[in-house]
Engineer: 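What follows is a structure written as structure tokens; I'll ask about it next.
Basis for what follows: all heavy atoms, side chains included, without hydrogens, waters or symmetry-related copies.
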Amino acid sequence: MDDEAMIARGRGAMTGGAPPERSRGRLADEVYDTLLGQLMSLRIEPGSRVTIDVLARELGVSQTPIRDALNRMEAEGLVVRVPHAGYRIPPQITRHRFEDMLEIRLLLEPAAARRSAERASSEQVVGLQRMLEEMAELEGGSGRMAYGAFGLRDAAFHDLIALSAGNQVIREALARLHTHVHLFRLLHDTQVTHLAMAEHEEVLAAIAARDPDAAAYAMRRHILLSGERFRRLFDEAKDADGMAVKA
């Protein structure tokens with residue numbers, strides 16, 4: 001599967017739907033999804049510059065949807081506008097920011113999973129299962145683009161749980177964090193996808209069984225384990241800095 005196909009698998013992630021057909025009304029959204037996938041896969045590296053005309057040539061579209069997509073990403077903190085020089089991709093999140101995000105997720109996502117077990121429609125449960133099936137197909141993919149596409153589906157899975165919980169405030173708060181964008185930019189590790197799949201399956205099983213306590217527990221466990229997987233990166237970076245100073 002080529003790079004564009006990988007990104008296409010992640011398009012429409014927040015709705016859990018199939019990739020939309022290319023149309024004038026959806027073009028800016030498609031560009032946004034494509035750029036988001038490139039951010040998560042590190043095809044666009046942290047700290048690098050992006051310009052509207054270059055992106056327009058690469059994606060084969062006019063500058064208008066590029067500009068609209070970048071304006072949206074700027075509002076969400078995913079890119080930074082540089083006066084007279086286009087846009088810049090911000091650096092990776094700090095350890096402090098990571099811990100703050102983890103704390104918020106532990107407050108909100110188990111509650112959302114609990115409510116999802118109580119309120120999710122049959123169609124939403126089927127949608128969650130479909131997402132896991134698509135993620136399982138992507139899990140075996142190689143390269144950063146497959147990893148980024150997996151991350152988009154990971155984000156969609158969590159978003160649909162929040163949606164099915166019926167609390168729009170929780171859903172919006174989690175969306176503004178862009179947790180999965182920042183975390184998947186930190187690490188490219190296929191073991192992460194394998195472990196996340198097993199944990200997602202536990203969450204979905206509890207929701208499908210209409211067991212609120214089990215759903216909340218499974219989600220909390222998933223977030224804690226995910227936190228440990230990514231936390232080691234900061235520990236390793238700190239150890240490396242300490243060795244450099246001693247040298």
Engineer: Salt bridge between Arg130 and Glu133, side-chain N to carboxylate O under 4.0 Å?
Structural biologist: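 No, no charged N to carboxylate O under 4.0 Å.
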Engineer: What side chain to side chain donor-acceptor pair (under 3.5 Å) pairs are there with at least one residue in residues 215-226, not counting sequence neighbours?
Structural biologist: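 Checked against side chain to side chain donor-acceptor pair (under 3.5 Å) - neighbours excluded - the pairs reaching residues 215-226 are His158-His222, Glu199-His222, His200-His222, Glu202-Arg221.
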Engineer: Honestly curious: do Val82 and Leu78 fall in one hydrophobic cluster under the side-chain, below-4.5 Å linking rule?
Structural biologist: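 No.
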Engineer: Sequence neighbours left out, what passes side-chain hydrogen bond (donor to acceptor under 3.5 Å, both in side chains) with Arg67? Give chain and number order.
Structural biologist: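 Per chain and number, Arg67 pairs via side-chain hydrogen bond (donor to acceptor under 3.5 Å, both in side chains) with Gln63.
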Engineer: For residues 103-134, which residue pairs pass the ring-ring contact (aromatic ring centres under 6.0 Å, His included) check, not counting sequence neighbours?
Structural biologist: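 Every pair satisfying ring-ring contact (aromatic ring centres under 6.0 Å, His included) with a residue in residues 103-134: there are none.
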Engineer: Would one find more than 12 heavy atoms of other residues, nucleotides or ligands at under 6.0 Å from atom CD of Glu45?
Structural biologist: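 At most 12 heavy atoms, drawn from other residues, nucleotides or ligands, come within 6.0 Å of this atom.
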Engineer: Under the side chain to side chain contact (heavy atoms under 4.5 Å, CB included) rule, what do Val50 and Arg88 come out as? Steps first, then yes or no, please.
Structural biologist: CA-CA 6 Å; Val50 293; Arg88 179 176 56 82; over 6 Å; no
Engineer: Run the salt-bridge test on Glu30 and Arg26 with the 4.0 Å N-O cut-off and return the result as yes or no.
Structural biologist: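 Salt bridge between Glu30 and Arg26, a charged N being under 4.0 Å from a carboxylate O: no.
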Engineer: Quick one: side-chain contact (heavy atoms from CB on, under 4.5 Å) partners of Glu74, sequence neighbours excluded?
Structural biologist: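 Counting only residues at least two positions away or on another chain, Glu74 forms a side-chain contact (heavy atoms from CB on, under 4.5 Å) with Asn71, Val79, Arg81, Tyr87.
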Engineer: Out of curiosity, Leu27 CG to Asp68 CG, how far, rounded to the nearest 0.5 Å?
Structural biologist: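 With rounding to 0.5 Å, CG (Leu27) is 9.0 Å from CG (Asp68).
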Engineer: Does atom CZ of Arg97 have more than 12 heavy-atom neighbours from other groups under 6.0 Å away?
Structural biologist: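 No, the 6.0 Å shell around CZ holds no more than 12 heavy atoms from other groups.
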Engineer: Checking Arg115 side chain against Gly166 main chain: does a donor-acceptor pair fall under 3.5 Å?
Structural biologist: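 Checked: no pair found.
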Engineer: Is the CZ atom of Arg49 crowded by more than 12 outside heavy atoms at less than 6.0 Å?
Structural biologist: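 12 or below, so no.
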Engineer: In this structure, would Met197 and Leu224 fall into the same cluster of hydrophobic residues linked by side-chain contacts under 4.5 Å?
Structural biologist: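 Yes, one cluster joins them.
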Engineer: Could you work out, with side-chain hydrogen bond (donor to acceptor under 3.5 Å, both in side chains) as the rule, every residue matching Glu103, not counting sequence neighbours?
Structural biologist: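 In terms of side-chain hydrogen bond (donor to acceptor under 3.5 Å, both in side chains), with neighbours along the sequence ignored, Glu103 is linked to no residue.
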Engineer: Using modelled atom types and a 3.5 Å cut-off, is there a donor and acceptor pairing between side-chain atoms of Ser116 and backbone atoms of Ala112?
Structural biologist: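 It does not hold such a pair.
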Engineer: Write down the atom of Pro212, the atom of Glu118, and the distance for their closest heavy-atom approach.
Structural biologist: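 Looking at all heavy atoms of both residues, the shortest contact is CG-CG, 3.6 Å.
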Engineer: Compile the donor-acceptor pairs under 3.5 Å between side chains in residues 119-127 and protein atoms, sequence neighbours left out, one pair per line.
Structural biologist:
from	atom 1	to	atom 2	distance (Å)
Arg119	NH1	Ala165	O	2.7
Ser121	OG	Gln124	N	3.1
Ser121	OG	Gln124	OE1	3.4
Gln124	OE1	Ser121	N	3.0

Engineer: Measure across Pro90 and Val80 and return the closest heavy-atom pair with its distance rounded to 0.1 Å.
Structural biologist: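 So the two residues come closest at CB-CG2, 4.4 Å.
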Engineer: Give a yes or no on whether a salt bridge exists between Arg232 and Glu228, defined as a side-chain N under 4.0 angstrom from a carboxylate O.
Structural biologist: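 Salt bridge: no.
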